[in-house]
2 protein chains.
Amino acid sequence: MPAAKRKETTAHVHSPAIEDYLEQIHNLIEGKGYARVVDIAKNLGISQASVTNMIQRLDAEGYVVYERYRGVIMTESGKKIGQEIARRHEVLTRLLSGFGLDPKTVHEDVEGMEHHISRQTLDVLTLLMEELEGNPELLKKLKKRLKSSS
Amino acid sequence: MPAAKRKETTAHVHSPAIEDYLEQIHNLIEGKGYARVVDIAKNLGISQASVTNMIQRLDAEGYVVYERYRGVIMTESGKKIGQEIARRHEVLTRLLSGFGLDPKTVHEDVEGMEHHISRQTLDVLTLLMEELEGNPELLKKLKKRLKSSS
DNA sequence: TAGCAAAGTTAGCCCAGCCTAAAATGTACT
DNA sequence: AGTACATTTTAGGCTGGGCTAACTTTGCTA
């Protein structure tokens with residue numbers, strides 16, 4: 001078995017770390033029009049040096065275009081991933097927040113889970129989110145049950 | 001900031017890798033009464049050498065008791081974690097499987113997500129699972145909507 | 001009971017991703 | 001233009017968790 005359990009299907013696979021960076025860069029560009037190393041570092045809670053390092057890899061792998069001391073811009077493939085992760089983030093957050101969970105806990109869980117969700121699972125979660133947002137009766141019933149079990 | 005964003009609350013935190021091992025050891029012991037290195041390695045898709053290595057760490061950190069060339073047994077703290085992860089695994093699996101997702105996809109997603117779920121989130125997911133299992137009407141409605149969106 | 005296959009272990013290695021310290025570059029103000 | 005401060009980059013290092021190859025131990029069976 002060359003390289004433990006081949007990824008036979010999807011070709012390009014990227015690590016959670018790469019997804020985190022692309023998500024963050026995407027968010028910053030959406031929000032302020034540009035993404036600086038210092039902000040990426042702050043948002044991810046890591047050092048600026050680490051960010052510079054990874055940005056060079058992201059460039060080498062074609063996710064961003066990077067020029068020394070200037071900013072980064074995202075390529076199409078980078079944007080695609082960044083948006084995808086941001087979408088998962090939003091769906092998970094809305095689903096869990098609907099139940100009134102502590103925002104910090106929601107955030108931590110979402111950060112962890114968002115890298116491990118296939119399209120199919122995302123569809124299911126989206127569906128649940130929509131149903132609960134559109135069906136206050138049901139949500140209320142479940143929240144009550146939730147409270148009584150804690 | 002010593003060690004990037006302190007874990008101020010929960011003291012003992014263990015890595016996803018450790019959780020995987022403990023879950024697997026727990027499952028094997030439940031199923032066949034003992035856990036051999038070769039089986040753990042097979043189930044996790046990694047080499048036996050890596051397993052031996054990690055088992056020594058698990059012993060050092062008090063999750064299992066290990067004796068050279070003999071098996072491992074789990075300590076209370078190890079059992080606790082193993083059971084906890086197995087529980088998360090089961091809840092996630094039942095929830096997603098209920099929607100008829102491809103079992104392989106379910107398994108992959110669950111393997112990834114199960115390490116990032118707080119107690120609160122687990123409670124929510126459990127609730128959803130129970131509601132859907134006990135409310136076939138609702139499940140049916142959602143599955144239909146799911147199909148039409150794919 | 002001797003030998004052999006299977007299981008377990010050790011040694012040495014590698015890579016992803018993080019870190020700190022120090023150097024380089026950019027920017028803003030006088 | 002010069003200088004101070006912020007930002008970015010480089011260099012060097014560390015740890016977790018994996019690998020292969022070579023060895024040891026166990027346990028079954030002839």
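Fair warning: this is a prediction, and the values are worked out from it, not measured in the lab. Chain letters run A, B, ... following the sequence lines, proteins first and then strands; every chain starts at 1.
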Quiz item: Quick one: is D:dC23 close enough that its OP1 or OP2 comes under 4.0 Å of any side-chain N or O from B:Tyr69?
Solution: no
Self-check item: Selected nucleotide, minimal atom distance to A:Met54 side chain, candidates D:dT9, C:dC19, C:dG17
Solution: C:dG17
Quiz item: Which one, C:dG17, D:dT9, C:dG8, comes nearest to the side chain of A:Ala17?
Solution: C:dG17
Quiz item: Out of D:dC19, C:dG26, D:dT24, which has the shortest distance to the side chain of B:Ser50?
Solution: D:dC19
Quiz item: According to a 4.5 Å side-chain heavy-atom criterion applied to Ile, Leu, Val, Met, Phe, Trp and Tyr, with indirect links allowed, do A:Leu138 and B:Leu128 form part of one hydrophobic cluster?
Solution: yes
Quiz item: Are side-chain heavy atoms of A:Asn27 and A:Gln24 found at a separation under 4.5 Å?
Solution: yes
Quiz item: Which of the following nucleotides, D:dA11, D:dT8, D:dG17, is nearest to the side chain of A:Val38?
Solution: D:dT8
Quiz item: Does C:dC18 have OP1 or OP2 sitting under 4.0 Å from an N or O in the side chain of A:Ser47?
Solution: no
Quiz item: Quick one: is A:Arg68 getting a side-chain N or O under 4.0 Å of the D:dT9 phosphate, OP1 or OP2?
Solution: no
Practice problem: Give me the ring orientation class for A:His116 and B:His116: parallel if the planes are under 30° apart, tilted from 30 to 60°, perpendicular past 60°. | Solution: parallel
Quiz item: What does A:Arg57 touch in the nucleic acid at a heavy-atom separation under 4.0 angstrom: a base, only the sugar-phosphate, or nothing?
Solution: sugar-phosphate
Exercise. Using a cut-off of strictly less than 4.0 Å, decide whether B:Tyr21 has a side-chain nitrogen or oxygen near OP1 or OP2 of D:dG18.
Key: yes
